[in-house]
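Just follow the structure's listing: the first ligand is 1, and inside any ligand the first atom is 1. Keep in mind it's a predicted model, so treat the numbers as computed, not measured. Side chains included, hydrogens not; waters and symmetry mates left out as well; all remaining heavy atoms used.
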Amino acid sequence: MGRMMNLLLFSLISFLSLISLVQSEDPYIYQTWIVNYTTLAPLGVPQKIITINGSIPGPKINCTSNNNIVINVFNNLDEPLLFTWNGIQQRKNSWQEGTLGTNCPIPPGKNYTYRFQVKDQIGTYFYYPTTSTHRAAGGYGLIAVHSRDLIPVPFDRPEDDYTVFVGDWYTKSHDTLKKFLDSGRSLARPDGVIINGKHGKGDGTDAPMFTMIPKKTYRYRFCNVGMKDSINVRIQGHTMKLVEVEGSHTVQNLYDSLDVHLGQCYSVLVTADQTPKDYYLVASTRFTKTELVSTATIRYVGGKGPASPVLPPAPMGTWAWSVNQFRSFRWNLTASAARPNPQGSYHYGKINITRTIKLVTNPAATVGGKRRFVVNGISHIDPETPLKLAEYYGVADKVFKYNLISDQPLDNIRNPTIAPNVISGTFRNFVEIIFENHDKSIQTWHLSGYSFFAVA
Ligand SMILES: *[C@@H]1O[C@H](CO)[C@@H](O)[C@H](O)[C@H]1NC(C)=O
Ligand SMILES: *[C@@H]1O[C@H](CO)[C@@H](O)[C@H](O)[C@H]1NC(C)=O
Ligand SMILES: *[C@@H]1O[C@H](CO)[C@@H](O)[C@H](O)[C@H]1NC(C)=O
Ligand SMILES: *[C@@H]1O[C@H](CO)[C@@H](O)[C@H](O)[C@H]1NC(C)=O
Ligand SMILES: *[C@@H]1O[C@H](CO)[C@@H](O)[C@H](O)[C@H]1NC(C)=O
Ligand SMILES: *[C@@H]1O[C@H](CO)[C@@H](O)[C@H](O)[C@H]1NC(C)=O
């Protein structure tokens, strides 16, 4: 019966896609990537860096809502490689999502073509390699999704669009970092901060990374692509007008500096309204014993004079400051096109929550010799057969068990179990997830492949 339904659905889908083919298809963007190691020395120490077509950051995926993206990736590393498209809602192809449960990594020396659509979404995202601590070695790049021409954007078209990838960085290779974790140790402290793959010393010797024509307004897209630390970003003598946070247009407040936490992306507008000369863009770690700093030079076209060596300091406040700043970010609810929420209403504030899941994590522990995190008593392990593949071939019951964890766990679970941790959900349910961190350090979650809204 189930098989019959699938067949029926399949022919219905093919029929529908035929119709849409006849109507008009959304445009395609094709890219080819050659991924290999390149020896670079961002912090002065030569190291093995994962580059795409020889560079870090990798190529920009510049696209418009509903574009189809086709990326043929050649893996010239000596290890399997898996990309995730952070923030892209995989409405059609959840198996393109790029985590081990959904996708197989690309074997060394082979290529694989990722295909996905940036359906009904706009904003700033980035891709990165998800397995084997590869992210600590680079391999990331921007995904900018522009609004379609007919949809108004709540600010004038900027003169140019700049990407600013900030992140902490280790001079140790990703293999060494992986060995640390696999032997029960922690990652230890990063060695520095880099901006777009480079470390700026702030001594006037670095070539300018960005240029601005006096009086013009620029969009800077900040993303924290690091491993561990939140990063504060600021520009000497300039304020930043926040216009977009992870795919939503915001109420346009002005900020002197912004805390960008791991995995987050913000768009700001900066107007070149100061004396024409050089200025430093500063990125520094937050909540760390030693502040790690990097700069990038912004040069006014036709300007004269170096940037002041006096760098603006990071905000004095710590946690409360950061949380308050985050609370000041508000969606502009009259901007952009709304789409109905999963229960069919256009009012997101009126959605009935169908399920509440509490995810409780305790400090990482050494389990079976490795450093492992535990969620509601289970430490996830990827089975040899990818979860999606097991479902597709109807052998899920031989590979893993659904719902090993409870939605409302006990606060302190001893003796964690190592198993694939899979929660099943119901189509169109609207789920509230509460994260509870019992660790002494920041925890960052990657809520992959779907759209989530931070509410509290
Ligand atoms: C990467 O390099 C390959 C081979 O030279 C080339 O065909 C491709 O267009 C490049 N991709 C990008 C995004 O520049
Ligand atoms: C890595 O790829 C880049 C760009 O495709 C190429 O220029 C470089 O020679 C390659 N490096 C190695 C070590 O193969
Ligand atoms: C990126 O895409 C937008 C929208 O299609 C376009 O206006 C812009 O010129 C593109 N930018 C680059 C650098 O290709
Ligand atoms: C590998 O690349 C070739 C040549 O570009 C392409 O024809 C083929 O479809 C790719 N294979 C996969 C699995 O994507
Ligand atoms: C919200 O967006 C609308 C529509 O583009 C715009 O007119 C309005 O000024 C924006 N409001 C704020 C507070 O940014
Ligand atoms: C939400 O629940 C209320 C009360 O049970 C019900 O009246 C309403 O129709 C529900 N709304 C939606 C969108 O399902």
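By the 3.5 Å distance cut-off applied to N or O atoms, N332 is counted among the residues near ligand 5. Checking only distances, Q31 never comes within under 3.5 Å of ligand 1, N or O to N or O.
Distance screen at 4.0 Å: atom 5 (O) of ligand 1 has no protein heavy-atom neighbour inside the cut-off. Within the 4.0 Å cut-off (strictly below), no protein heavy atom is located near atom 9 (O) of ligand 4.
Against a heavy-atom cut-off of under 4.0 Å, Q252 is close to the following atoms of ligand 5: 14 (O). Applying the 4.0 Å criterion to heavy atoms of P154 picks out, from ligand 5, the atoms 2 (O), 5 (O). Less than 4.0 angstrom separates some heavy atom of N111 from each of these atoms of ligand 4: 1 (C), 2 (O), 3 (C), 8 (C), 10 (C), 11 (N), 12 (C), 13 (C), 14 (O). Residue P59 has at least one heavy-atom neighbour below 4.0 Å for each of these atoms of ligand 1: 13 (C). Atoms of ligand 5 found under 4.0 Å from any heavy atom of V251 (numbered from 1 in listed order, with element): 13 (C), 14 (O).
Salt-bridge check for R234 with D256: failed, with every basic side-chain N at 4.0 Å or more from each acidic carboxylate O.
Taking the side chain as every heavy atom from C-beta outward, V270 and M212 approach each other to under 4.5 Å.
Looking at V35, N72, N53, T32 and measuring to atom 14 (O) of ligand 1, the nearest heavy atom belongs to N53.
Within 6.0 Å of NZ on K60 lie more than 12 heavy atoms contributed by other residues, nucleotides or ligands. Atom CZ of F435 is surrounded by more than 12 heavy atoms from other residues, nucleotides or ligands within 6.0 Å. Dense packing is recorded around NZ of K48, with more than 12 heavy atoms of other residues, nucleotides or ligands lying under 6.0 Å away.
Ring planes of F210 and Y162: tilted class, angle from 30 to 60°. In this structure, H261 and F287 have parallel ring planes: the angle between them is below the 30° cut-off, well short of the 60° mark.
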